[in-house]
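To start, the structure under review is shown below, and the notes come after it.
Reckoned from all heavy atoms, side chains included, excluding hydrogens, waters and symmetry mates. Letters go in sequence order (proteins before strands), and every chain restarts at 1.
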There are 2 protein chains.
Amino acid sequence: MEYSTFGRHVAIDVWGVDFGLLNNADFLKNHMVEAAEACGATVLSVQAKQFEPQGATVLVMLSESHISIHTYPERGFAALDCYTCGETVDPQIAIDYMVSVLQPEKYYAKKLIRGVGEMEVATPEVNRNYVHA
Amino acid sequence: MEYSTFGRHVAIDVWGVDFGLLNNADFLKNHMVEAAEACGATVLSVQAKQFEPQGATVLVMLSESHISIHTYPERGFAALDCYTCGETVDPQIAIDYMVSVLQPEKYYAKKLIRGVGEMEVATPEVNRNYVHA
């Protein structure tokens with residue numbers, strides 16, 4: 001069986017996020033699993049790390065690629081990515097889900113189109129008012 | 001203690017890679033750990049998944065962010081990322097290490113500068129002749 005190499009990778013830097021939200025690896029992990037499910041992806045496993053004195057990293061392995069977050073609570077900053085392969089799962093939904101949870105004051109995002117030759121880079125539309133089901 | 005939010009994220013799609021190299025999660029995992037060490041990063045944990053009938057995903061959590069690979073051996077394709085925070089660790093070294101291991105016929109890469117405001121996107125120099133120590 002051949003799978004499509006086509007994929008979409010959304011990378012977003014979020015700023016002005018509440019310290020407590022960014023400094024809670026379990027909270028982030030739980031929401032990232034929900035974000036994955038919201039966009040129709042299948043979670044295979046999760047690595048989560050709470051750093052001292054602050055900071056968290058969560059890496060969610062999907063059947064369709066991955067979701068990652070790295071946080072700097074003392075700066076109100078997090079770097080969040082969702083990369084999904086195939087046509088059926090849209091990583092922007094997972095990103096919108098997480099943005100709606102984190103409610104950053106500002107964000108900067110890029111979307112890479114991968115697996116089709118030269119990578120196309122676009123600036124995606126982010127919906128910070130994603131409505132949770 | 002405050003950490004720098006500055007980071008560099010290299011995303012590379014490689015094509016024309018040997019099926020056997022891409023279809024071996026353990027082989028990829030071992031080399032990704034070495035690639036992380038080569039660029040001076042610290043490996044915290046690893047998730048590796050061998051898919052059936054073929055394909056692999058490896059996610060390496062670093063103190064300084066992450067390295068990921070998703071492979072489509074039947075297409076000779078892999079999507080590889082290395083994102084590292086701070087000034088001291090250069091993700092391009094880990095990417096060059098992996099490219100020298102995989103020896104793709106073609107590749108397409110982008111580098112995102114993150115954690116400083118608007119993301120800058122560049123096309124990085126890739127060295128496929130990285131010399132292993």
Side-chain angles (χ1 to χ4, degrees), chain A residues 1-7 9 11-15 44-49 51-55 57-81 83-85 106-123, chain B residues 1-7 9 11-15 44-49 51-55 57-81 83-85 106-123:
Chain A
M1 182 170 169
E2 288 217 344
Y3 297 93
S4 167
T5 56
F6 170 79
H9 182 161
I12 185 166
D13 287 356
V14 294
W15 295 91
L44 297 177
S45 60
V46 182
Q47 291 169 92
K49 170 82 176 171
F51 292 93
E52 295 296 335
Q54 73 273 318
T57 285
V58 183
L59 302 180
V60 179
M61 185 187 284
L62 307 174
S63 291
E64 303 81 3
S65 298
H66 70 264
I67 308 179
S68 65
I69 196 166
H70 304 285
T71 77
Y72 292 74
E74 77 279 20
R75 307 292 291 272
F77 171 74
L80 177 67
D81 287 64
Y83 175 32
T84 60
C85 297
K106 284 193 298 190
Y107 51 79
Y108 303 98
K110 293 291 180 195
K111 176 179 173 179
L112 304 175
I113 305 297
R114 304 183 67 165
V116 289
E118 195 64 69
M119 282 187 213
E120 182 191 333
V121 183
T123 300
Chain B
M1 182 171 169
E2 287 217 345
Y3 297 92
S4 166
T5 55
F6 170 78
H9 183 160
I12 184 166
D13 288 355
V14 295
W15 296 91
L44 296 178
S45 61
V46 182
Q47 291 170 92
K49 169 82 177 173
F51 291 94
E52 296 295 336
Q54 73 272 316
T57 285
V58 182
L59 302 180
V60 179
M61 185 188 284
L62 306 174
S63 290
E64 302 82 3
S65 297
H66 71 264
I67 307 180
S68 65
I69 196 167
H70 304 284
T71 77
Y72 292 75
E74 77 280 18
R75 307 292 291 271
F77 171 76
L80 177 66
D81 287 63
Y83 174 33
T84 60
C85 296
K106 285 193 297 190
Y107 51 79
Y108 303 97
K110 293 292 180 195
K111 177 179 173 179
L112 304 176
I113 305 298
R114 304 183 68 166
V116 288
E118 194 65 68
M119 282 187 215
E120 182 191 332
V121 183
T123 300

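If you tally non-hydrogen atom pairs under 4.5 Å between each of A:Thr57, A:Leu112, A:Leu62, A:Val58 and chain B, the highest count goes to A:Thr57. Highest contact tally toward chain B, considering only A:Lys106, A:Arg114, A:Met119, is held by A:Arg114 [criterion: heavy-atom pairs under 4.5 Å]. Interface remark: of the candidates A:Met61, A:His9, A:Arg75, A:Lys49, A:Met61 forms the most heavy-atom pairs closer than 4.5 Å to chain B. Top candidate by heavy-atom pairs under 4.5 Å with chain A, chosen from B:Gly55, B:Cys85, B:Gly7, is B:Cys85. Of the listed residues (A:Ser45, A:Gly117, A:Ser68), the greatest number of heavy-atom pairs within a distance under 4.5 Å of chain B belongs to A:Gly117.
A distance-only check finds no donor-acceptor pair linking the side chain of B:Gln47 to the backbone of A:Leu44 [under 3.5 Å].
In this structure, the portion of B:Phe51 lying under 4.5 Å from any heavy atom of chain A is its side chain and not its backbone. Contacts between B:Val116 and chain A at a heavy-atom distance below 4.5 Å involve the backbone alone (N, CA, C, O). Using a 4.5 Å cut-off between heavy atoms, A:Ala109 touches chain B through its backbone atoms (N, CA, C, O) alone. Neither the backbone nor the side chain of B:Ile69 comes within less than 4.5 Å of any heavy atom in chain A.
Rounding to the nearest 0.5 Å places OH of A:Tyr83 at 7.5 Å from CG of B:Asp81. Between the CZ atom of B:Phe77 and the CZ atom of A:Phe6 there is a distance of 11.0 Å, given to the nearest 0.5 Å. Rounded to the nearest 0.5 angstrom, B:Ile67 CD1 and A:Leu59 CG are separated by 11.0 Å. Note that CD of A:Glu120 and OH of B:Tyr108 are 14.0 Å apart. Values are rounded to the nearest 0.5 Å.
With sequence neighbours excluded, the residues forming a side-chain contact (heavy atoms from CB on, under 4.5 Å) with B:Thr123 are B:Lys110, listed by chain and number.
Ring planes of A:His66 and B:His66: perpendicular class, angle over 60° (limits at 30 and 60°).
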